[in-house]
> 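Next up is a structure, given as structure tokens.
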Amino acid sequence: MRPQSTIASPASALAARFSDVRHLTEALAAPLSDADATVQSMDDASPAKWHLAHTSWFFETFVLRDHVPEYRLYDARYPFLFNSYYEAEGRRHARGRRGMITRPSLDEVLNYRAAINGAVLAAFEILPDAARDLVALGCHHEEQHQELLLTDILHLLSENPCEPAIWQGDRKRPVQMPGPLGWIEGREGLVEIGHDVDGFAFDCEGPRHRALLHPHAIADRTVTNGEWAAFIDDGGYRDARHWLSDGWAWVQAEGIDAPLYWARGDDGGWTRFGLDGRRAIDPAAPVTHVSLFEADAYASWAGARLPTEFEWESAARAGDPREGNLLDCAGPVEPRPSTGGPAWFGDVWEWTGSAYRPYPGFAACEGAVGEYNGKFMSGQFVLKGGSCATPRGHVRASYRNFFYPHQRWQFTGVRLAKDL
Ligand SMILES: [Fe+2]
């Protein structure tokens, strides 16, 4: 990812944004012990300590090392430990063994962060425009890791038999059931797709191009927990007719019978685990932690289908990407019931039926940061809209998130569409 247009922010505004982003990451990790921040619960998830260090390595490598004369690395071992996947940056520690990095300690990593913060801010006035663009990129990159940090912590805590809560949720909130699912008739014909305004965008959001939409309608909200429970009660997870072949094989092999983190409570009702601990599901809230396979099966059961990313983006242009249940600060994070009117942003990332592939004319940029997106365009599906763990201001209609079809530890949900 590169900005598609030069960052227009004055240096002081960019420096303030840099400080805000870095502070939020540290606030999100503040409730964690060194042990919480060190353990890796699965290959897909990284320890919180690794996120804290890797986002600092990004600024140190691409801004300080490359653009500040005579800059000396904070620790010569850190590039090997905290490079994620940049082949151009040389050898690195195996992704699935990040939990073995018991040292440096959490305190040492926080000291590393403080040193990088100070070095970037001290150099700000002398940074060339290209380096400031990389600071802006690094802020967007760190916002992506803020969401990953939260979902990775959630997965880690879910593996702890004590199921600890790191935040207190709003347990007294009344249940407000949304109305029946409504349908919005989508545009038909050729529409413009992709990033189209000044400001930052990742390279995979362009080039802007035309896509053909056939007659269709898209739901005015996402699928709720209550609706998902009805799918389960109707035998949805046991009926091969609803499932893609790969999805059915996954359900069989993994013994899947409900969204991730769901379990039956003592009274037989469904509960879910969240960052506020385990509690009964809210039937009115959007279902989350479902895979593309589950989303597709639900849509089949419901007599509908998943929207394409083009149908979704065309409809969501009517929404405000800064509105909705997005991440503002370190505090309770969970999808909440709709409060009326079509909402396109926040709560849950919405699976689309579109493969994450390059748009016509796409070309990755030069250098190591050219590895940011393009090399992952194989076997993954596009998700749209952001979630309750996505920092406010990070997402937009053209934003393309992407995951493999079996993955579901992110806040992922479902919006239906249908042909007309
Ligand atoms: Fe990264």
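Ligands are counted one by one from 1 in listed order, and the atoms in each one are counted from 1 as well.
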> Tyr71 and Glu60: side-chain hydrogen bond (donor to acceptor under 3.5 Å, both in side chains), yes or no, with the steps?
CA-CA 9 Å; Tyr71 177 79; Glu60 182 177 42; 2.6 Å; yes
> How long is the span from the OH atom in Tyr78 to the NE2 atom in His93, to the nearest 0.5 Å?
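Those atoms lie 14.0 Å apart.
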> Looking at residues at least two apart in the chain, or sitting in another chain, which of them share a side chain to side chain contact (heavy atoms under 4.5 Å, CB included) with Ala229?
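Ala229 satisfies side chain to side chain contact (heavy atoms under 4.5 Å, CB included) with Trp270 once adjacent residues are dropped.
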> Suppose the cut-off is 2.8 Å; how many protein N/O/S atoms fall inside it around the Fe ion (ligand 1)?
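The number of such protein atoms is 3.
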> Sorted by first residue and then second, give each ring pair (Phe, Tyr, Trp, His ring centres under 6.0 Å) pair with at least one member in residues 16-44; sequence neighbours left out.
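Every pair satisfying ring pair (Phe, Tyr, Trp, His ring centres under 6.0 Å) with a residue in residues 16-44: Phe18-Phe59.
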> In this structure, which one of Glu313, Glu309, Glu350 forms a salt bridge (charged side-chain N to carboxylate O under 4.0 Å, His left out) with Arg400?
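That would be Glu309; it is the only one of Glu313, Glu309, Glu350 passing the salt bridge (charged side-chain N to carboxylate O under 4.0 Å, His left out) with Arg400.
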> Among residues at least two apart in sequence or on other chains, which ones pass ring pair (Phe, Tyr, Trp, His ring centres under 6.0 Å) with Phe403?
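Scan of Phe403 (ring pair (Phe, Tyr, Trp, His ring centres under 6.0 Å), adjacent residues dropped) gives Trp409.
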